[in-house]
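First the proteins, then the strands, lettered A, B, ... as listed; each starts at 1.
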2 protein chains.
Amino acid sequence: MNGSDSTSTVPGSGAPRRSDATRGAILAAARERFATDGYERATIRAIAKDANIDPSMVMRYYRNKEGLFAAAVAIDLRLPDVSGADRRQDVGRILVEHFLDMWENNEVLTALLRVGVTNRAAADRMQGILRDQLLPVARQVCPDPEQVPARAALLASQLLGLALTRYVLRMPPAVGLARAEIVAWLAPTIQRYLTAPSP
Amino acid sequence: MNGSDSTSTVPGSGAPRRSDATRGAILAAARERFATDGYERATIRAIAKDANIDPSMVMRYYRNKEGLFAAAVAIDLRLPDVSGADRRQDVGRILVEHFLDMWENNEVLTALLRVGVTNRAAADRMQGILRDQLLPVARQVCPDPEQVPARAALLASQLLGLALTRYVLRMPPAVGLARAEIVAWLAPTIQRYLTAPSP
DNA sequence: ATTGTTTGCCAACGACTGTTGACGTCTTCC
DNA sequence: GGAAGACGTCAACAGTCGTTGGCAAACAAT
């Protein structure tokens, strides 16, 4: 089938092992199952079957189901730099477009949201992403540093809400929105949450 | 300990049965478990234990786990009428305040969102609520009838996103927002999604 | 007092879960 | 060559799940 995709094996450290193909297949299958089924219903047996290996291999390479999930779901939002004065007044549009690209090309985001709703560890992971990746962006464009967390939370609420209705719940009217429509409607909202004077 | 609360027994039809207290206890325990644990981890055994009865009673009265969930989670958003010309220009604030009241006093909403993310039947139920309860409100205030579904979807994305970050994921900065802050920030967003000319 | 029905508890079923350990095979190094 | 270890398969464990049927007590109707 394939040999390497954008989110494949080799995190960059350690020598290449003979089992890297298997490890990669497990991770790919795990990501897909977690994304579509959530944590509990994503069975290790089902994941192993998808990866065409024995369930015990999953345990050998990732210790736990927890360990598998932790290894399968690592998220880097790759948020762009918006500190430039010119980009700062477009931060709404830039962020919305970036998020749409991310969500449509990376099933890991769906997996994390689906699992985070019922799994504490995954919810904590999402908090970490908000704190380490979203908050710095808000800091770049917010007028008052003290309001940064609140404004980042508002930002997260709108973006995650869109992802929830469109990519997780798949509500028809949310799925039916064209990309340009979403950007046109949401960009001003995000722009206001981040840069407008507090109301 | 209590005898009757706002969401207790007797849906209004049928003769009162001797087991109504038990049925109510089961439903109350089920709502709490579904709200905090999601569908899979909300065990029938755990629910029965909370209600101080035998697990088999749950099956007798609600047939299935599915049946129990269907009986436990029935949602009426009690959305206010906003057709009046004076209320129409306040629809953003009115809806946000109404949703905050709902979410903070009704654990059933949390249950439905938590379960809907991984359970098809619950997701369909949410679609039904959007269609039957949210869409009519949007129809009352939208300029162009053709845009009603899209605008209702935007409305849902912002309100569900807030509920997700604040009541389900419990992200600290979202939990830390004061009620007045939320209303001040979100009301203009909702107002715009529903009434502004399309961008 | 006797029926029939409702309510409840108990024990158990089959299926499925995460996880473990033993065992054969293939690769690698000396 | 042989030794050491990585890789993979198989069978099984202990536990939990939803669900079922039988049986005793409490009630209702006659």
Can you name the one residue among B:Arg88, B:Arg87, B:Arg93 that meets salt bridge (Lys or Arg N to Asp or Glu O under 4.0 Å) with B:Asp90? B:Arg93
A:Arg131 with A:Asp124: basic N within carboxylate O range, under 4.0 Å: no
OP1 or OP2 of D:dC7 versus the side-chain N and O atoms of A:Ser19: is any pair under 4.0 Å? yes
Can you classify the ring geometry of B:Tyr39 versus B:Phe69 as parallel (below 30°), tilted (30 to 60°) or perpendicular (above 60°)? perpendicular
Contact residues, residues 51-59 of chain B to DNA chain D [heavy atom, < 4.0 Å]: B:Ser56, B:Met59
For B:Arg60 and D:dA24, give me the distance from atom CZ to atom C1', rounded to whole Å. 12 Å
Output for pair (A:Met126 CE, B:Arg170 CZ), nearest 0.5 Å, gives 14.5 Å
Measure from the side chain of A:Lys65, starting at C-beta and using heavy atoms only, and say which of D:dT19, C:dG18, D:dT9 lies closest. C:dG18
Taking atom P of D:dC17 as reference, at what distance in whole Å does atom CG of B:Leu68 sit? 15 Å
Is it true that the side chains of B:Thr118 and B:Glu40 contain a donor and an acceptor less than 3.5 Å apart? no
Measure from CD on A:Glu40 to P on D:dG18 and round the result to the nearest Å. 11 Å
Just N and O in the side chain of B:Thr22: are any of them under 4.0 Å from OP1 or OP2 of C:dG8? yes
Any donor-acceptor pair under 3.5 Å from A:Tyr167 side chain to A:Glu107 backbone: no
For A:His98, run the side-chain contact (heavy atoms from CB on, under 4.5 Å) check against A:Leu79, A:Val82, A:Val137 and tell me which one passes. A:Leu79
Rounded to 10°, the angle between the first-five-pair and last-five-pair axes of the helix from C:dG4-D:dC27 to C:dC30-D:dG1 is 10°
Find the distance B:Arg23:CZ to C:dT7:P and express it as a whole number of Å. 6 Å
Rounded to the Å, how far apart are B:Arg17 CZ and C:dG8 P? 12 Å
Roughly, in whole Å, what's the span from CD in A:Glu66 to C1' in C:dT19? 13 Å
Please find the pair of heavy atoms, one from B:Ala156 and one from B:Leu134, that lie closest to each other, and give the distance. CB-CD2, 4.1 Å
Taking all non-hydrogen atoms of both residues, which atom of B:Gly116 and which atom of B:Ala123 are closest, and how far apart? O-CB, 3.5 Å
Is there a side-chain contact between A:Tyr61 and the phosphate of D:dG8, meaning an N or O under 4.0 Å from OP1 or OP2? yes
In whole angstrom, give the distance that lies between atom CD1 of B:Ile44 and atom C1' of C:dA15. 15 Å
With the side chain defined as heavy atoms from C-beta on, A:Arg45 is closest, among D:dC7, D:dA12, D:dG18, to D:dA12
To the nearest angstrom, the OH-P distance between B:Tyr62 and C:dT7 comes to 11 Å
For B:Thr189, side chain to side chain donor-acceptor pair (under 3.5 Å) partners two or more places apart: A:Arg192, A:Tyr193
Just to confirm, is there a sub-4.0 Å distance from OP1 or OP2 of C:dG18 to any side-chain nitrogen or oxygen of A:Asn64? no
Residue whose nearest DNA chain D nucleotide is more 5′ - B:Thr43 or B:Arg18: B:Thr43
